[in-house]
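Here is the structure we will look at.
First the proteins, then the strands, lettered A, B, ... as listed; each starts at 1.
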Protein chains: 2
Amino acid sequence: MTSTRYLEIADKLAVEIDGCRPGTRVASEPELAARFGVGRAAARAALQELERRLLVRRVQGAGTFVNRRIDYVISHSRPPSWHTTVEAAGATPRSHIKSVERVPLPAGRAAHLDRAAGTPMHRVIRTCYIDDLLATWIEEWIPVEVAPDLDLALHSVESIDLVLRQMGRVSPVRAWCRASVDIPPPEVLRGLGVEASVPVWLVDSVSRDEGTGQVLMASSAWTRADAVRVVVELSDTVYPEENA
Amino acid sequence: MTSTRYLEIADKLAVEIDGCRPGTRVASEPELAARFGVGRAAARAALQELERRLLVRRVQGAGTFVNRRIDYVISHSRPPSWHTTVEAAGATPRSHIKSVERVPLPAGRAAHLDRAAGTPMHRVIRTCYIDDLLATWIEEWIPVEVAPDLDLALHSVESIDLVLRQMGRVSPVRAWCRASVDIPPPEVLRGLGVEASVPVWLVDSVSRDEGTGQVLMASSAWTRADAVRVVVELSDTVYPEENA
DNA sequence: GAGCATTTGTCCGTATGTATT
DNA sequence: CAATACATACGGACAAATGCT
């Protein structure tokens with residue numbers, strides 16, 4: 001089939017990997033070179049090929065490990081909550097608040113939030129983890145009036161969705177979102193713990209209160225494409241999943 | 001900043017490339033090696049980095065060329081037409097019919113098309129081009145009753161949307177879609193003219209007639225991520241674009 | 001904390017294969 | 001056919017990050 005050695009090796013490894021649990025160690029470059037009788041370059045190319053296929057993650061000094069990618073499903077009918085969405089995919093969500101500031105709403109965000117520029121806002125920066133692996137960097141904007149003591153509440157509760165429901169007595173629903181894949185700016189790349197340029201999801205989102213229609217939150221989330229497959233469903237029609 | 005030579009070179013080239021027209025030739029590996037005083041390995045790594053950033057395309061034997069990526073915007077309010085969507089992004093669409101068969105509707109597709117398995121269908125395979133570059137491989141399913149002579153009509157008109165409007169006297173609107181990024185199966189990769197594993201969009205879509213609500217078409221489109229950035233908008237709220 | 005082995009990351013030089021022009 | 005340019009591959013070397021002693 002393939003005339004190139006490293007693709008043969010990659011295909012063979014892909015089959016072996018297939019059943020393994022995420023986090024399982026894959027043979028190192030020197031091990032593969034010895035096993036298949038090739039140089040380190042070819043062994044390395046094979047592992048890099050698997051990395052491009054999102055089947056493994058490679059960490060300098062540590063090794064190469066079987067990767068897991070979850071489906072992050074966005075639709076009108078699902079709650080706009082990171083924790084809920086990750087749990088729905090069968091994985092364990094965790095998030096870490098990097099900062100909560102009170103800042104006036106910048107003009108560029110005013111349209112999303114349906115408020116005048118200058119309105120007092122909470123600006124929350126979070127990093128989110130899936131099964132303890134860094135996956136997402138989120139910037140969230142929430143009007144101070146919606147949850148005055150948001151900064152205090154976030155010390156004890158991780159989920160912003162939950163805090164809004166409890167403190168703000170509202171029911172956030174996803175009113176709008178725009179999802180795409182891009183190469184993020186270097187500062188976001190660093191925030192996500194990747195050096196080289198890898199594809200990353202950018203999801204811009206606006207949440208409203210189900211009852212009043214009031215805008216509760218606007219956010220921009222950068223998510224590693226090797227950690228999640230974002231699936232956007234345009235309408236609420238639900239079709240049975242097909243097995244690939 | 002960066003301690004690695006090839007990233008320095010890549011960053012420098014990225015700036016130089018920035019203003020160039022798509023298709024412009026980029027310096028070859030040996031040229032870069034000489035210019036920056038590095039080996040061919042580092043020069044090559046720099047060009048591969050630019051390829052990962054989707055800034056260039058590389059063709060064996062030909063060279064490295066500045067790439068263009070268009071926004072393919074999908075939303076409820078936009079027509080489900082490949083030609084229209086590509087034109088809206090300011091590029092030139094073209095498509096080539098690979099095959100039109102009459103086949104009974106397979107069970108896996110029945111739900112999407114709201115018809116019983118076995119219903120007579122047209123199955124159309126198309127490859128689509130943006131500015132004469134192969135970008136998309138589409139499989140489309142259309143009930144024979146909707147457009148009995150579809151196979152004949154497609155000899156003269158490229159756009160299926162147009163054919164349905166004229167022959168079928170219907171107005172297709174996007175009723176549902178599911179968009180994600182994946183590594184396609186080898187046969188699709190070959191159909192898209194890529195050898196190594198590159199990220200590709202998979203957009204599954206269902207179109208209905210605006211008037212009657214009848215399902216007109218279901219399709220699966222694989223699109224090269226270096227050719228388009230698919231942007232899915234969940235509701236019809238339109239916000240002003242922000243300049244990155 | 002220091003030291004060490006392991007593993008991936010970067011880079012050199014060189015050679016050959018293969019596709020394009 | 002020849003020249004060019006990218007793809008693959010070898011061998012060797014050192015750097016940098018990780019994990020363990």
Side-chain angles (χ1 to χ4, degrees), chain A residues 1-13 17 23-52 55-67 132-134 189-190 192-198 226, chain B residues 1-13 17 23-52 55-67 132-134 189-190 192-198 226:
Chain A
M1 296 292 171
T2 49
S3 61
T4 51
R5 203 78 180 81
Y6 84 91
L7 284 179
E8 283 179 37
I9 299 172
D11 288 338
K12 194 162 189 100
L13 290 178
I17 280 175
T24 306
R25 195 145 194 298
V26 180
S28 71
E29 294 175 7
E31 282 168 359
L32 290 177
R35 172 178 163 192
F36 291 99
V38 296
R40 220 195 102 188
R44 179 176 175 73
L47 290 176
Q48 285 177 327
E49 170 70 15
L50 295 182
E51 191 178 33
R52 278 194 298 273
L55 296 179
V56 302
R57 286 191 187 212
R58 318 193 67 206
V59 182
Q60 182 177 148
T64 302
F65 306 92
V66 175
N67 185 40
D132 288 327
L133 288 172
L134 179 53
L189 273 178
R190 275 194 300 276
L192 287 173
V194 285
E195 292 79 26
S197 296
V198 293
D226 58 356
Chain B
M1 298 294 170
T2 49
S3 61
T4 50
R5 203 79 181 80
Y6 84 91
L7 284 180
E8 282 179 38
I9 298 172
D11 288 339
K12 195 162 189 102
L13 291 178
I17 280 175
T24 306
R25 194 143 195 296
V26 180
S28 73
E29 293 175 7
E31 282 167 0
L32 289 178
R35 172 177 163 193
F36 291 98
V38 296
R40 231 196 90 189
R44 179 177 173 75
L47 290 175
Q48 286 177 327
E49 170 70 15
L50 294 182
E51 191 178 33
R52 278 195 297 273
L55 297 179
V56 302
R57 286 191 186 213
R58 318 193 68 205
V59 182
Q60 183 178 161
T64 301
F65 306 92
V66 175
N67 185 40
D132 289 327
L133 288 172
L134 179 54
L189 272 179
R190 275 194 300 276
L192 287 173
V194 284
E195 291 80 25
S197 296
V198 292
D226 57 356

Taking N and O atoms by type only, does the side chain of A:Glu29 place a donor or acceptor under 3.5 Å from a partner on the base of C:dG9?
no
Nearest listed nucleotide, side chain of B:Ala42, among C:dT8, C:dC11, D:dA5
C:dC11
Considering the options B:Val56, B:Asn67, B:Leu55, which one meets the side chain to side chain contact (heavy atoms under 4.5 Å, CB included) requirement together with B:Asp226?
B:Asn67
Assert: residue with more 5' nearest nucleotide on DNA chain D, out of A:Ala62 and A:Ala41, is A:Ala41
Length of the line joining B:Gln60:CD and D:dT8:P, which is rounded to integer Å:
7 Å
D:dT8, OP1 or OP2 - any side-chain N/O from A:Arg5 closer than 4.0 Å?
no
In whole angstrom, give the distance that lies between atom CZ of A:Arg57 and atom C1' of C:dT7.
18 Å
Rounded to the nearest Å, what distance is computed from the CZ atom of residue B:Arg44 to the P atom of nucleotide C:dT16?
18 Å
So what does B:Arg25 hit on the nucleic acid, given a heavy-atom distance under 4.0 Å: a base, only sugar-phosphate, or nothing?
sugar-phosphate
Determine the contact category for A:Gly39: base if any of its heavy atoms lies under 4.0 Å from a base atom, sugar-phosphate if only primed atoms, P, OP1 or OP2 are that close, otherwise nothing.
sugar-phosphate
Testing D:dC6, D:dA9, C:dG9 for proximity to the side chain of A:Arg58, the answer is C:dG9
Which heavy-atom pair separates B:Leu47 from B:Ala27 by the least distance, and what is that distance?
CD1-O, 3.9 Å
Whole-Å gap separating P (D:dC6) and CG (B:Leu50):
12 Å
Check the distance between D:dT8's C1' and B:Leu47's CG and give it to me in whole angstrom.
16 Å
Taking all non-hydrogen atoms of both residues, which atom of A:Gly39 and which atom of A:Ala33 are closest, and how far apart?
O-CB, 3.8 Å
Where is the tightest heavy-atom contact between B:Ala43 and B:Val38, given as atom of each residue plus distance?
N-CG2, 4.1 Å
Which residue, A:Ala43 or B:Gly63, contacts DNA chain D at a nucleotide closer to its 5' end, judged by nearest heavy atom?
B:Gly63
Output yes when at least one side-chain N/O atom of A:Thr4 is less than 4.0 Å from OP1 or OP2 of D:dA9, else no.
no
Considering non-hydrogen atoms only, spot the tightest contact between B:Phe36 and B:Ile9 and give its length.
CE1-CG2, 3.7 Å
Measure the distance from OH on A:Tyr6 to C1' on C:dT18 and round it to the nearest whole Å.
14 Å
Measure the distance from CD on B:Glu49 to P on C:dT10 and round it to the nearest whole Å.
9 Å
Please report, rounded to the nearest Å, how far the P atom of C:dT10 is from the CZ atom of B:Arg40.
18 Å
